[in-house]
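Just so it is clear, the values below take in all heavy atoms, side chains as well, and ignore hydrogens, waters and symmetry mates. Numbering of residues begins at 1 and proceeds along the displayed sequence. Quick caveat, the model's predicted, so the values are computed rather than measured.
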Amino acid sequence: MNGDALLPIGDLARRTGLTVKTVRFYSDRGIVSPAARSPAGYRLYAPAAVARLRLVRTLRELGLDLSTTRKVADRELSLSEVAATHAQALTVQIRTLRMRRAVLTVAAGRGSTPEELEAMHELTRLSEDERRHLIDDFLATVFGGPDAVPAFAGIMRSMTPELPENPETEQVEAWIELAELARTPDFAALMRRLATHVSADLTRPGPTATIHTHVAPALRAGIAPTSPRAARVIKAVKDEYADTATGHDLLTFLRTANDPRRRRYLQLLAVINSWPPPNDPTPVFTWLIEALTGTADAAGTGRT
């Protein structure tokens, strides 16, 4: 058979990787027309039909509808324009599928009720403006809204999640959990108490930095929180803390700051914003809590 010979439908199917039934379907729809008929009435196709059907197969496998596929094959539409439009549509679909997968993954892991599933689904359907409004309300509660200390602006920005336009599943899962935290009045109240603790003088390092400066070396040195050597650390922290958070009880601050929900919010925030994981202050806070409570117990029992 030479290069210009007409092809029966079986040969055309083999050359294009399609089934005879599929070639016949495209032929019946006029996407590829037979060039002639054999004496027995069978369809015969020109060699150019091979390239045309390969293009059709590729476009269909990429998800283009039959009408658009035909227009591209007939050069009524630009392939580049159609490809760009379809790619954008797929981007939206992928984002939707990621959102759905995240909701189902979280629901499966939690053993959620139908009501909880619906609530999570609604969180993933929020627009960017609606997500921003939810977080703004939370941060306003924490930092005082319009009456917030101006120096809090940077802290508020650092606590704002920015879900990407095309988030990964892990980011969607993190958003669901963070948004649930932000909607929890008890958590907002907890963070409000912390904001009050650090608002005394925002021009200086806050209590967390102060505590870490003094306690982290003690931890690295293996000093037990209830050992006599801990007394010097406790005094240094108390002296400097008194200057940075006047009027607030150190132990109260530590127990509030050591709440696992606060730590979880910061972890989720890092996932959503693609930041490095935050340092975990739990060991430092726990050491100092044990040191302070141990000192108090010793004073109460007359031990030294």
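Among residues two or more places apart in sequence or in another chain, the side-chain hydrogen bond (donor to acceptor under 3.5 Å, both in side chains) test is passed with Thr169 by Arg101. Arg261 pairs by the side-chain hydrogen bond (donor to acceptor under 3.5 Å, both in side chains) definition with Asp259, not counting sequence neighbours. Scored by the side-chain contact (heavy atoms from CB on, under 4.5 Å) test, Thr96 finds Val92, Arg100 as partners (sequence neighbours excluded). Considering only residues two or more places apart in sequence or on other chains, Arg95 meets the salt bridge (charged side-chain N to carboxylate O under 4.0 Å, His left out) condition with none of them. Residues meeting the side-chain contact (heavy atoms from CB on, under 4.5 Å) test with Arg157, sequence neighbours left out: Ala153. Residues passing the salt bridge (charged side-chain N to carboxylate O under 4.0 Å, His left out) test with Glu162 are Arg132, sequence neighbours excluded. Listed by chain and residue number, nothing satisfies the side-chain hydrogen bond (donor to acceptor under 3.5 Å, both in side chains) test with Arg229 (two or more places apart in sequence, or in another chain). With sequence neighbours excluded, no residue forms a side-chain hydrogen bond (donor to acceptor under 3.5 Å, both in side chains) with Asn279. Contacts of Glu170 classified as salt bridge (charged side-chain N to carboxylate O under 4.0 Å, His left out), with partners at least two apart in sequence or in another chain: none.
Tracing side-chain contacts under 4.5 Å through hydrophobic residues (I, L, V, M, F, W, Y), one never reaches Val271 starting from Val106; they form parts of separate clusters. Leu59 and Leu18 fall into different hydrophobic clusters, defined by Ile, Leu, Val, Met, Phe, Trp and Tyr side-chain heavy atoms under 4.5 Å apart, directly or through other members. The same ILVMFWY cluster, assembled from side-chain heavy atoms under 4.5 Å apart, contains both Ile272 and Trp275. The hydrophobic cluster containing Val32 does not contain Val72, counting ILVMFWY residues as joined when their side-chain heavy atoms lie under 4.5 angstrom apart, directly or transitively. In the hydrophobic clustering of this structure, Val20 groups with Leu7; members are Ile, Leu, Val, Met, Phe, Trp, Tyr whose side-chain heavy atoms approach within less than 4.5 Å, directly or through other members.
Side chain of Thr293 to backbone of Glu290: a donor-acceptor contact under 3.5 angstrom is found. At least one donor-acceptor pair under 3.5 Å links the side chain of Ser38 to the backbone N or O of Tyr42. Glu130 contributes a side-chain N or O that, together with a main-chain N or O of Ser127, makes up a donor-acceptor pair within less than 3.5 Å.
Counting only residues at least two apart or in different chains, salt bridge (charged side-chain N to carboxylate O under 4.0 Å, His left out) contacts with residues 275-288 comprise Arg263-Asp280.
Atoms OG and CD, on Ser274 and Glu168 in that order, are 8.5 Å from each other to the nearest 0.5 Å. To the nearest 0.5 Å, atoms CD (Glu173) and CG (Leu268) are separated by 10.5 Å. Distance check: Arg29 CZ to Thr69 OG1 gives 13.5 Å after rounding to the nearest 0.5 Å. To the nearest 0.5 Å, the span separating CD1 on Ile155 from OG1 on Thr160 amounts to 11.5 Å.
In this structure, Arg131 does not pair ionically with Glu128, as no charged nitrogen and carboxylate oxygen lie closer than 4.0 Å. Arg70 and Glu76 are not joined by a salt bridge, as no carboxylate oxygen comes within less than 4.0 angstrom of a charged side-chain nitrogen.
Inspection of the His133 and Asp129 side chains reveals no N or O donor paired with an N or O acceptor under 3.5 Å. When only modelled atom types and interatomic distance are considered, Thr213 and Glu240 share no side-chain donor-acceptor pair under 3.5 Å.
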Item to complete: Determine, step by step, whether Arg110 and Glu177 satisfy the side chain to side chain contact (heavy atoms under 4.5 Å, CB included) criterion, reporting the C-alpha distance in whole Å, the side-chain angles of both residues, the deciding distance to 0.1 Å, and the verdict.
Response: CA-CA 11 Å; Arg110 294 181 180 178; Glu177 190 176 345; 4.2 Å; yes

Item to complete: Carefully, step by step, assess Phe143 and Phe138 under the rule ring pair (Phe, Tyr, Trp, His ring centres under 6.0 Å).
Response: CA-CA 9 Å; Phe143 294 105; Phe138 165 67; 8.2 Å; no

Worksheet item: Could you go step by step and tell me if Leu254 and Asn258 meet the side chain to side chain contact (heavy atoms under 4.5 Å, CB included) rule?
Response: CA-CA 6 Å; Leu254 286 167; Asn258 208 31; 5.8 Å; no

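Using a 4.5 Å cut-off on side-chain heavy atoms (C-beta onward), Thr113 and Leu117 make no contact.
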Contacts table for residues 43-57: side-chain donor-acceptor under 3.5 angstrom, sequence neighbours left out:
unit_1	atom_1	unit_2	atom_2	d
Arg43	NH1	Ser27	OG	3.0
Arg43	NH1	Asp28	OD1	3.0
Arg43	NH2	Asp28	OD1	3.1
Tyr45	OH	Ser27	OG	2.9
Arg52	NE	Ile31	O	2.4
Arg52	NH1	Ala73	O	3.1
Arg52	NH1	Asp74	OD1	3.2
Arg52	NH2	Ile31	O	2.9
Arg52	NH2	Asp74	OD1	2.5
Arg54	NE	Arg15	O	3.1
Arg54	NH2	Arg15	O	2.8
Arg57	NH1	Thr16	O	2.5

List, one per line, each side-chain donor-acceptor pair under 3.5 Å for residues 183-195, sequence neighbours excluded.
unit_1	atom_1	unit_2	atom_2	d
Thr184	OG1	Glu180	O	2.7
Arg192	NH1	Val142	O	2.9

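Between Met99 and Val172, the closest heavy-atom pair is SD-CG1, 3.4 Å. Scanning all heavy atoms of the two residues, the minimum distance from Ala182 to Leu134 falls at CB-CD2, 3.8 Å. Residues Trp287 and Ile223 share a closest heavy-atom pair of NE1-O, 2.8 Å. Scanning both residues, Thr68 and Leu64, for their nearest heavy atoms gives CG2-CD2, 3.8 Å. Listed here is the closest heavy atom pair of His86 and Gly63: CE1-O, 3.4 Å. Taking each heavy atom of Ala270 and Pro277 in turn, the nearest pair found is CB-CA, 4.4 Å.
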